[in-house]
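The block underneath contains the structure these notes are about, expressed in structure tokens.
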Amino acid sequence: GVTVYLDNRYAVRTDAQGRFEFPFVAAGPRTVTLRNDTLPLPWSVVDEGRVKVDLRLRDTVRLDIPVQRAD
């Protein structure tokens, strides 16, 4: 149930398994971001929570956005 952002413009929430979808996205380079303020404590993002991806027409992409448990 965390919020994921596409190009810092569009936002969706993940399901219980961490899956999310941005339907009808134009092809081209995109940035997917997960922000700390949307994660439950004690979790935080790694590497600024950003993943760059180059989308192709009618493409489905699997992303891994790393998070870590804070000490």
Side-chain angles (χ1 to χ4, degrees):
V2 301
T3 304
V4 179
Y5 298 88
L6 178 68
D7 296 334
N8 285 322
R9 293 185 61 195
Y10 307 103
V12 295
R13 293 188 61 79
T14 63
D15 67 11
Q17 285 76 42
R19 296 179 297 221
F20 59 93
E21 179 178 318
F22 290 100
F24 310 113
V25 175
R30 302 283 175 237
T31 302
V32 178
T33 307
L34 179 63
R35 298 181 189 156
N36 275 327
D37 60 352
T38 68
L39 289 172
L41 292 174
W43 298 98
S44 63
V45 297
V46 176
D47 298 328
E48 299 180 1
R50 273 190 208 123
V51 175
K52 294 187 183 260
V53 61
D54 192 17
L55 295 180
R56 290 182 238 150
L57 189 61
R58 295 185 183 94
D59 201 7
T60 298
V61 177
R62 180 184 172 111
L63 298 175
D64 290 317
I65 304 172
V67 296
Q68 65 187 4
R69 187 178 180 104
D71 292 329

Q: Over all heavy atoms of both residues, which pair between Val2 and Pro40 is shortest? Give the atoms and the distance, please.
A: CG1-CD, 3.9 Å
Q) Roughly how far apart are Trp43 CH2 and Arg69 CZ, rounded to 0.5 Å? A) 5.5 Å
Q. Taking all atoms of both residues into account, what is the closest heavy-atom pair of Leu34 and Thr3, and its distance?
A. CD1-O, 3.3 Å
Q. CD of Glu48: more than 12 outside heavy atoms within 6.0 angstrom?
A. no
Q: Check whether any side-chain heavy atom of Leu63 sits under 4.5 Å from a side-chain heavy atom of Phe20, and report yes or no.
A: yes
Q | Expected output: side-chain Thr14 to main-chain Gly1 donor-acceptor under 3.5 Å | A | yes
Q: Specify the closest pair of heavy atoms between Phe22 and Tyr10, including all atoms of both residues, with the distance to one decimal.
A: CE2-O, 3.7 Å
Q: Inspect the surroundings of CG in Asp59 and state if more than 12 heavy atoms from other residues, nucleotides or ligands are less than 6.0 Å away.
A: yes
**Q.** Residue pairs passing the salt bridge (charged side-chain N to carboxylate O under 4.0 Å, His left out) test where at least one lies in residues 18-31, sequence neighbours excluded
**A.** Asp7-Arg30, Asp15-Arg19
Q) How about Thr38 and Tyr5: do any of their side-chain heavy atoms sit closer than 4.5 Å? A) yes
